[in-house]
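Read the structure below first, then the notes.
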Amino acid sequence: MDNSVCQVYEDEIQALEEEIKLLTEKYEDGQQESTFYSDEEILMSKKSFWREFQAESKGHGFPSDLKAQLENLERDLSFLMKLTGIHFTGHSKKTVEKTRNGTVQKHRLSGNCHSLSFQLKFQLLEMQSKENVSAVITDLSIIVESEDLKVKEFVSSTEEHGSLLAFFRSLSSYAEWYEHRRRTFLHFKGKYPDIVTLPEGLLGDQIILRNPKPSGFELMIIWKIHIDKEGRSTPVLDLLTKVPEQVLEQKMASIEEAPAQFRSMLLLFGIETAIENLIKVVRLEE
């Protein structure tokens with residue numbers, strides 16, 4: 001056969017191989033792409049999986065302990081979700097680049113941690129060698145539905161360092177205090193509707209205690225949640241007073257000492273009991 005004819009065939013074969021490679025990568029990307037599912041859809045998928053699994057296990061004699069292992073994994077996942085408060089509602093990924101030594105993928109995650117929702121976008125570079133597999137996160141972008149400046153500062157720092165583990169650990173701690181504050185405000189608003197006012201709503205950080213009688217006596221509790229550079233969350237409560245001049249003249253010393261006494265009550269009795277005691281004081285004021 002003529003060399004020129006052979007070269008033509010070789011060129012065609014090489015072109016076909018390249019086209020097959022491109023089509024294969026597109027197919028793999030399509031297979032890896034996932035969409036966002038609701039809790040109902042996830043539950044239906046789980047039920048469908050169990051039906052298929054039971055049918056196949058009868059026909060093929062799968063190991064009897066496989067179902068038990070899957071159930072244990074499901075219980076462990078449920079326990080971790082309850083422990084951390086983190087619940088993922090959606091995930092998608094797309095392969096950007098694939099070589100012999102590594103893979104680059106773009107990921108998107110969304111979910112809730114207690115009553116806070118979050119969204120993550122990042123690029124994951126996985127490098128494989130003979131000894132081990134390493135992974136590097138880049139281009140991390142985080143959105144947390146919170147107006148707290150400390151949260152925004154922490155998110156910015158986490159994006160810079162690219163640490164997902166630190167983010168989820170700190171988010172769980174912060175969201176737990178955030179939810180505790182919301183439930184506490186809800187409790188006292190329901191128990192003392194005539195005295196308790198929430199100027200910023202349940203998701204705010206202020207609660208006002210005001211005597212319904214026209215005495216003008218008012219206490220404001222400001223409940224912040226501080227996040228340090230390591231991502232540790234700590235509740236910080238302070239007390240502000242608003243007292244009529246005639247009352248202030250009579251009880252100047254006790255009014256001035258109120259914030260310090262409130263902090264002492266927090267240490268001795270905890271947040272809920274300290275607030276309850278303040279409400280009792282407000283109710284006694286004429």
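Quantities reported herein were computed from a predicted structural model and do not represent experimental measurements.
Applying the salt bridge (charged side-chain N to carboxylate O under 4.0 Å, His left out) test to D238 and every residue at least two apart in sequence or in another chain returns R263. Partners of R181 according to the salt bridge (charged side-chain N to carboxylate O under 4.0 Å, His left out) rule, which considers only residues two or more places apart in sequence or in another chain, do not exist here. Take S141 and apply the side chain to side chain contact (heavy atoms under 4.5 Å, CB included) test, not counting sequence neighbours, and it matches K121, E159. With sequence neighbours left out, the side chain to side chain donor-acceptor pair (under 3.5 Å) criterion links Y174 to D148. Annotation: ring pair (Phe, Tyr, Trp, His ring centres under 6.0 Å) contacts of F185 (sequence neighbours excluded): W223. Remark: K152 pairs with E147 by the salt bridge (charged side-chain N to carboxylate O under 4.0 Å, His left out) rule, at least two apart or across chains. Listed by chain and number, the residues in a salt bridge (charged side-chain N to carboxylate O under 4.0 Å, His left out) with K191 are E276 (sequence neighbours excluded). Taking F167 as the reference, nothing meets the ring pair (Phe, Tyr, Trp, His ring centres under 6.0 Å) condition, with sequence neighbours excluded. Remark: E97 pairs with no residue by the side chain to side chain donor-acceptor pair (under 3.5 Å) rule, at least two apart or across chains. Residues that satisfy the side chain to side chain contact (heavy atoms under 4.5 Å, CB included) test with E230, not counting sequence neighbours, are D228, R232.
When every heavy atom of K106 is checked against every heavy atom of Q123, the shortest pair comes out as CE-OE1, 3.5 Å. For the residue pair L140 and T158, the shortest heavy atom distance occurs at CD2-O, 3.7 Å. Closest heavy-atom contact between A175 and C113: CB-O, 3.4 Å. The shortest heavy-atom contact between G162 and I137 is O-CB, 3.9 Å. Across W177 and S233, no two heavy atoms sit closer than the pair NE1-O, 3.9 Å. Considering every non-hydrogen atom in both Y192 and R283, the closest pair reads CE2-NH1, 3.5 Å.
Clustering of Ile, Leu, Val, Met, Phe, Trp and Tyr by side-chain heavy atoms under 4.5 Å joins M220 with I208, I222, L240.
One distance of note links CG of L268 with CD of Q261; it measures 11.5 Å at 0.5 Å rounding. With rounding to the nearest 0.5 Å, the separation of CG in D194 from CZ in R210 is 12.0 Å. With values rounded to the nearest 0.5 angstrom, L116 atom CG is found 10.5 Å from R182 atom CZ. T184 OG1 to H187 NE2: the interatomic distance, rounded to the nearest 0.5 Å, is 8.0 Å.
With a 4.5 Å cut-off on side-chain heavy atoms, T89 and N112 count as touching. Counting heavy atoms from C-beta on, the side chains of L239 and L278 come closer than 4.5 Å. Two residues are said to be in side-chain contact when any heavy atoms from C-beta on lie closer than 4.5 Å; S115 and Y178 meet this criterion. Under the 4.5 Å side-chain criterion, counting only non-hydrogen atoms from C-beta, H114 is in contact with E176.
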Chi angles and distances behind the side-chain contact (heavy atoms from CB on, under 4.5 Å) call for L149, V151: CA-CA 5 Å; L149 292 178; V151 174; over 6 Å; no
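For the residue pair S117 and E145, a side-chain donor N or O sits within less than 3.5 Å of a side-chain acceptor on the partner.
For residues 121-161, every residue pair satisfying the ring pair (Phe, Tyr, Trp, His ring centres under 6.0 Å) rule, not counting sequence neighbours, is listed here: H107-F122.
Within 6.0 Å of atom CD in E126, more than 12 heavy atoms from other residues, nucleotides or ligands are found, so the atom counts as buried in its surroundings.
The backbone N or O of V196 lies less than 3.5 Å from a partner atom in the side chain of K189, making a donor-acceptor pair.
Applying side chain to side chain contact (heavy atoms under 4.5 Å, CB included) to L120 and the options I143, L109, V144 leaves one that passes, L109.
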